[in-house]
There are 2 protein chains.
Amino acid sequence: MDERAGTPAWRAANWLASAGLRPTRQRLVLAELLIGDGNDRHVTAESLYEAACGTGTNVSLATVYNTLRSFTVAGLLTEITVDGTRSYFDTDVSDHAHFYWEDDGRLTDAPLGAVQFERLPDPPEGAEIAKVDVVIRLRRS
Amino acid sequence: MDERAGTPAWRAANWLASAGLRPTRQRLVLAELLIGDGNDRHVTAESLYEAACGTGTNVSLATVYNTLRSFTVAGLLTEITVDGTRSYFDTDVSDHAHFYWEDDGRLTDAPLGAVQFERLPDPPEGAEIAKVDVVIRLRRS
DNA sequence: CTCAATGCAAAGTATTTGCAACCGA
DNA sequence: TCGGTTGCAAATACTTTGCATTGAG
């Protein structure tokens, strides 16, 4: 076991390795920003890009987009569409509902198991349910 | 009662009137395409624009966009975001879940009452639930 | 007549792509 | 070395906006 086990950098490297993705400099930076501290995170390409710029490493916005897509295809992230104007990416790949704060465009996880379906429709003939997206839109009260 | 009561044109005019929107030529055309036959419909700006062109009336794509937005603000339509790349508008304003056919990008209504929640999370402090969006993604099986 | 609605083109915003330079295995 | 990655700029897709013209009340 590496002496750096458990460090953000180590987590990031392992995360990439688990998906068979090459650990390039920019991927490691982005991965560390995403899961370095072990917490789940919701980002947009833009927000992650800004965070990456803050680290001093040179990363282009296009690469952030491409990387987020690669991570998603590899199963490391889920893409969430709530707003139409931008895509959110979630480091929590498990099936769960989201809170969308309409006032500031923030996306957070709904408490685990908070949403339970009593009934779901049967899929129409010739189709199967791939996924059920639940977005709970919140407004300041 | 107008002798034309029940005709598509009459429905369209009434629909606009109920929202206090001026019955201009293009709004009437679009309204008739949307609810003229009394059925619910799911459209994108592009699909509605094409349909409108087929009627021979001169309508610009920008006007379709602006009109769909006006109708939505007026409460005649709901905007649905499933895909990120385009907005769908639904003539059924009631709260209901949708089927999204991933293969051809089509959007349809889930059977009424097909989705029942056993449990919904309490809204976080200082917020209230504005709306719960449920999109059931279907894949050909 | 007056002000809202429209058409068109130009501007925006979010995202993807083409291609040469680069770098990790 | 070799093929996957990156950066940049240009391209794309969708939607909104500015402004002069039109039309409904």
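Per chain, numbering begins at 1; letters A, B, ... match sequence-line order. It should be emphasised that the depicted structure is a prediction, and the values quoted were computed from it without experimental measurement.
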Taking the side chain of [X] as its heavy atoms from C-beta onward, which of [options] lies nearest to it?
{"X": "R22(A)", "options": "dA14(C), dG4(D), dG25(D)", "value": "dG4(D)"}
{"X": "P23(B)", "options": "dA14(C), dG7(D), dA24(D)", "value": "dA24(D)"}
{"X": "T85(B)", "options": "dC14(D), dA9(C), dT15(C)", "value": "dC14(D)"}

Could you tell me whether [X] and [Y] make a salt bridge, using a distance below 4.0 angstrom between a side-chain N and a carboxylate O?
{"X": "E118(B)", "Y": "R119(A)", "answer": "no"}
{"X": "D133(B)", "Y": "R137(A)", "answer": "yes"}
{"X": "R69(B)", "Y": "E79(B)", "answer": "yes"}

Could you state the [atom1]-[atom2] distance from [X] to [N], rounded to the nearest angstrom?
{"X": "D83(B)", "N": "dT15(C)", "atom1": "CG", "atom2": "P", "result": "12 Å"}
{"X": "L16(B)", "N": "dA5(C)", "atom1": "CG", "atom2": "C1'", "result": "13 Å"}
{"X": "L21(A)", "N": "dG3(D)", "atom1": "CG", "atom2": "C1'", "result": "15 Å"}
{"X": "E79(B)", "N": "dT16(D)", "atom1": "CD", "atom2": "C1'", "result": "13 Å"}
{"X": "N66(A)", "N": "dC8(D)", "atom1": "CG", "atom2": "C1'", "result": "12 Å"}
{"X": "L30(B)", "N": "dA5(C)", "atom1": "CG", "atom2": "P", "result": "14 Å"}
{"X": "L61(B)", "N": "dA10(C)", "atom1": "CG", "atom2": "P", "result": "15 Å"}
{"X": "R86(A)", "N": "dT15(D)", "atom1": "CZ", "atom2": "P", "result": "16 Å"}

Report the residue (S60(B) or A45(A)) whose heavy-atom-nearest nucleotide on DNA chain C is the more 5′ of the two.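 Its nearest nucleotide lies further toward 5', so the answer is S60(B).
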
Within the pair [X] and [N], is there a side-chain N or O less than 4.0 Å away from OP1 or OP2?
{"X": "R69(A)", "N": "dT16(C)", "result": "yes"}
{"X": "R25(A)", "N": "dT6(D)", "result": "no"}
{"X": "N58(B)", "N": "dT6(C)", "result": "no"}
{"X": "S87(B)", "N": "dT15(D)", "result": "yes"}
{"X": "R27(B)", "N": "dT6(C)", "result": "yes"}
{"X": "Q26(B)", "N": "dG7(C)", "result": "yes"}
{"X": "T63(B)", "N": "dT6(C)", "result": "no"}
{"X": "Y65(B)", "N": "dT16(D)", "result": "no"}
{"X": "T24(A)", "N": "dT6(D)", "result": "yes"}

Aromatic ring proximity, centroids under 6.0 angstrom, F71(A) and F89(A):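 F89(A) vs F71(A): aromatic centres not under 6.0 Å.
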
Judged by modelled atom types alone, do S60(A) and T63(A) share a side-chain donor-acceptor pair under 3.5 Å?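 There is such a pair (donor and acceptor under 3.5 Å, judged by atom type) between the side chains of S60(A) and T63(A).
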
Given that G20(A) and E46(B) both sit by DNA chain D, which one's nearest nucleotide is further toward the 5' end?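 Taking each residue's closest nucleotide, the earlier one in sequence belongs to G20(A).
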
For a side-chain hydrogen bond (donor to acceptor under 3.5 Å, both in side chains) check, start with the C-alpha distance between H42(B) and D109(B), then their side-chain angles and the critical distance, and finish with the verdict. CA-CA 9 Å; H42(B) 300 82; D109(B) 286 326; 2.9 Å; yes

